[in-house]
Amino acid sequence: MICRAVDRNFFLKLISNTVTHSHLRQTHAQIILNGFKSDLATITKLIQKLSDLGSISDATLICSTFPNPDLFLYNVVIRSFSRNNDHSNSLSIYRQLRQNTALVPDSFTYAFVVSAASKLGCTKLGSSLHGHAIVGGSGLDVFVGAAIVDMYLNFGNLGYAHKVFDKIPQPDTVLCNTMISGSVKNGCFSESILVFKDMILRGTRFDSTTFAAVLTAAAELQELKVGMVIESLSIKLGFHWHVHVLTGFVSLYAKCGDMLTARCLFEQIERPDIIAYNAMISGFTCNQQMANAVDLFNKVMALQHRVNSSTLVGLIPVLNPFGHLILTSAIHSFSLKNNLISKTSVGTALITVYSRLNEIDSARKLFDESLNKSLAAWNAMISGYAQNGITDKAISLFQEMQNFKIPPNPTTITSILSACAQLGALSLGKWVHDLARKENFESNVYVSTALIDMYAKCGSINEARQVFDTLTQKNPVTWNAMISGYGLHGHAHEALKIFNKMVDLNVPLTGVTFVSVLYACSHAGLVNEGEQIFYKMVGDHGFKPLPEHYACMVDLYGRSGELQKALTFINSMPVDPGPATWGALLSACKTHKNTDLARLASDKLFELDPENVGYHVLLSNIHTADKNYHEAASVRQVVKNQNLVKTPGCTLIEINKIPHVFTSGQRSHDQTDAIYAMLEKLMGKMREAGFQTDTVTALHDVEDEEKELMVKVHSEKLAIAFGLMNTETGSEIRIMKNLRVCIDCHNFTKFVSKVTERVIVVRDANRFHHFKDGQCSCGDYW
DNA sequence: CCATTAACTG
């Protein structure tokens, strides 16, 4: 074939029309033969096409030998790497660009590299690229802005994202969509709706993505009103029949409990995608229609040709909140059969669901079997342990990660903080806080909320408040954590202040908000305040009380001694009282020594929850306190037959960051003799001051082993004595106990705080006690 | 695909 003189346009067209790699090689040869190998436009097009076809190595080879690359060519290469998911090479080309050339990056360059840094999770590099973009004058460009906002949202830093977003003069649809869906991903639903409302005010164009994203937020907040606004807008603009928009409505109605409408809308979706199916399945699960959920799931699985790893991963969020063993095993075996299990995303997803179902061993097995563990897989496993209360495993896995030099991300930090909180491990918690500071994770809402919870649960309520006060981004969970922290420490008035501020600032309240406030009130004896809030919850805020709210109310009345009122309340409840409600009454009966009512409550409990031996123990203790030893023994006999193992009490104290654990009657510690001598001295003083110990009265008719347990010195006394000996005069002592503190030890600690002039902070199984000058912050309510 | 808060008692 004779080649006629060809021009550049000929090659450009030829390259565009090429669909295979070998064809493109021939074209390249022609380009060289015809003397176009140094023509910038032709070579740029060639490189673009090569990378589109996935031949990234050919593309770079040509590029590196090209004499005078311009910025456009660099941008093409940078984007090619990103498109092939090779973000680190994309960034190294950027580095070459800055170091080896005099070219000045433009907004395209910044948009590409910022998103590469985002995908890689490089927070520090990301912020410095943000800086480069500002210096380079691209900081306010909508494309660059969208990339930067998306990056900060991806890093969980909603505050920075918002700062950047607010500065951009004319945010376009894509930028607003990024902000809306990113806020949703960060659990900040009302922020997301606010951005949408701003779009309406500013007249920004909407698209189906906008509506789909806002609907997710509206669904989470059960905001039917926002749904109505979106409905009329989307109908007017012709987006209403879009799959994603309809799916959004399905979720909204499902979350609001209207499954009829949800189903009806779902049926209008012509070709539902996996997200649509998921919305519907999740609607069924959260409205307890398990049979329907399983049916639809099987239908999805039957569409074999369309099921791949992302289908499975997509299904997982449906299971996550509720968990369902049958569905999970189905997915597991499906992925084994179809060789999808080695996909890390599928593995990780299954690890998560198994942990949610308390099947932590199955989760660990999957984790151990996966060869290339992604950060997400580590996180899934760590959070699985943390959520199941297996805090030691969570922490040791985290340490293993550190040893492997795998850098943690905010998700990791959040789970570890939750483990520290459960454990009361203040020094580890502080260390993790420092780490979070260094890595710039502090502004992440999850991290900061977990920090508040950690400090509160580790006894440092003031530090918790400090974190709370410095936050610019809070979500309802953050507020709830602060309220429950105050409740835990018996500071009900502070809890109420935070609650009122929430109301004033229009922060959406949740069911947990009310549980936390009511808990704070009942543990501080604020009966009237609690009562008012309960009625406001129903009347003003339109919440339907859940069983836990009823239980809180019974606890509120019962704890304060108003047992009759508690009973009247139970009888007036519109639903059948559950075990929590009767349990609250029973424990009140114990505190206020009402054996008759206790009998009534425990009969209900034995019926409602026959498996739970705890109620038998409680009833037995009530009889013991009533000096009805015969009755107590017979209740205990029932328990004996059911093989109850009592949790042994133990207390932890940290001295110079080293934890010491004491069990009751323990004599194995190095300083045992000194500890007992110290105790003897303190108890002597205490008796002189007229305190009497309560243990002897309970010793009638008790079996020998139990008698021994009662005479043994409780672990918290040992820990306190040890603490007194090993800390500076006048300093605070903090101890952590796994069970509730008994009346005798409570009195003892009060006394010690007075004679030694120490503040003693005790965390028991339920709450905090701050002992100072012979008084306890719990006001003897616990 | 991975993250935070509450709920009687033991």
Side-chain angles (χ1 to χ4, degrees), chain A residues 156 185-187 309-310 312-317 320 343-353 355 374-384 386-387 408-418 421 441 444-454 456-457 475-485 487-488 510-520 522 546-552 554-555 558-559 578-591 601-602 605 609 612-622 639 644-647 649 738-740 765-766:
Chain A
K185 274 185 212 131
N186 280 282
S309 68
S310 50
L312 295 179
V313 173
L315 269 164
I316 302 293
N320 264 345
K343 284 262 179 191
T344 54
S345 51
V346 176
T348 306
L350 281 168
I351 290 172
T352 314
V353 192
S355 346
S374 64
L375 181 56
W378 284 91
N379 289 344
M381 202 59 235
I382 291 177
S383 76
Q387 284 167 355
N409 71 358
T411 304
T412 328
I413 300 296
T414 305
S415 300
I416 283 301
L417 284 172
S418 154
F441 294 159
N444 177 298
V445 202
Y446 287 94
V447 171
S448 49
T449 304
L451 274 171
I452 292 171
D453 182 52
M454 184 276 291
K457 291 206 176 123
N475 66 16
V477 180
T478 318
W479 292 81
N480 293 349
M482 195 66 239
I483 294 175
S484 78
L488 204 60
T510 70
V512 177
T513 314
F514 289 101
V515 172
S516 307
V517 178
L518 291 174
Y519 176 93
S522 82
L546 297 169
E548 50 266 40
H549 296 116
Y550 289 120
C552 283
V554 172
D555 188 49
R559 202 174 284 267
T581 304
W582 290 114
L585 185 69
L586 182 60
S587 86
C589 290
K590 187 199 167 189
T591 321
S602 47
L605 283 164
D609 194 1
N612 195 329
V613 275
Y615 302 124
H616 292 275
V617 176
L618 200 51
L619 182 63
S620 151
N621 289 344
I622 291 171
V639 173
L644 170 80
V645 186
K646 251 192 181 174
T647 321
N738 66 335
L739 303 178
R740 265 181 56 165
N766 270 336

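Computation of the quantities below employed the complete heavy-atom set of this structure, encompassing side-chain atoms and omitting hydrogens, waters and symmetry-equivalent molecules. Proteins come first, then strands; the chains are lettered A, B, ... in the order of their sequence lines, and each starts at number 1.
The NZ atom of A/K185 sits 19 Å away from the C1' atom of B/dT4 (whole-angstrom rounding). Rounded to whole Å, atom C1' of B/dG10 lies 10 Å from atom CZ of A/R740. B/dA3 atom C1' lies 11 Å from atom CG of A/N475, rounded to whole Å. Nucleotide B/dT4 holds its P atom 16 Å from the CZ atom of A/F441, rounded to whole Å. Separating the CG atom of A/N186 from the P atom of B/dT4 is a distance of 14 Å, rounded to the nearest angstrom. Spacing between atom CH2 of A/W479 and atom P of B/dA6 amounts to 18 Å, rounded to whole angstrom units. For the pair A/L518 CG and B/dT5 C1', the computed distance is 15 Å after rounding to whole Å. The nearest whole Å value for the distance from the CG atom in A/L546 to the P atom in B/dA6 is 16 Å.
For A/Y446, the ring pair (Phe, Tyr, Trp, His ring centres under 6.0 Å) criterion is met by no residue, not counting sequence neighbours.
No hydrogens or angles were tested; on distance alone, a donor-acceptor pair under 3.5 Å links the side chain of A/N444 to the base of B/dA3. With hydrogens and angles ignored, a donor-acceptor pair closer than 3.5 Å exists between the side chain of A/T414 and the base of B/dA3.
Closest to the A/S484 side chain, of the nucleotides B/dA6, B/dT4, B/dC2, is B/dA6. The listed nucleotides are B/dA3, B/dC8, B/dT5; the one nearest the side chain of A/V477 is B/dT5. Of the candidates B/dT9, B/dT5, B/dA3, B/dT5 carries the atom nearest the A/V512 side chain, counting heavy atoms from C-beta on. Considering only the side chain of A/V515, B/dA6 comes nearest among B/dA6, B/dC1, B/dA3. Each of B/dG10, B/dA3, B/dT4 was ranked by its minimum atom distance to the side chain of A/T449; first place goes to B/dT4. Distances were taken from every side-chain heavy atom of A/N379 (C-beta onward) to each of B/dC2, B/dA6, B/dT4; the shortest belongs to B/dC2.
When the side-chain nitrogen and oxygen atoms of A/K457 are compared with OP1 and OP2 of B/dA6, one or more of them lie within a distance under 4.0 Å. For B/dA7, one of the phosphate oxygens OP1 or OP2 lies less than 4.0 angstrom from a side-chain nitrogen or oxygen of A/Y519. In terms of phosphate contacts, A/K590 brings no side-chain nitrogen or oxygen within less than 4.0 Å of OP1 or OP2 of B/dC8. Regarding contacts with the backbone of B/dC2, every side-chain N or O of A/Q387 stays at 4.0 angstrom or more from both OP1 and OP2.
Side-chain contact annotation: A/T513 with A/T510, donor-acceptor N/O pair under 3.5 Å present.
Going from atom CG of A/L451 over to atom OG1 of A/T478 covers 11.0 Å, rounded to the nearest 0.5 Å.
Minimum interatomic distance between A/A481 and A/T449 (heavy atoms only, all atoms of both residues): CB-CG2, 4.0 Å.
For the pair A/I413 and A/I416, the minimum side-chain heavy-atom distance is 4.5 Å or more.
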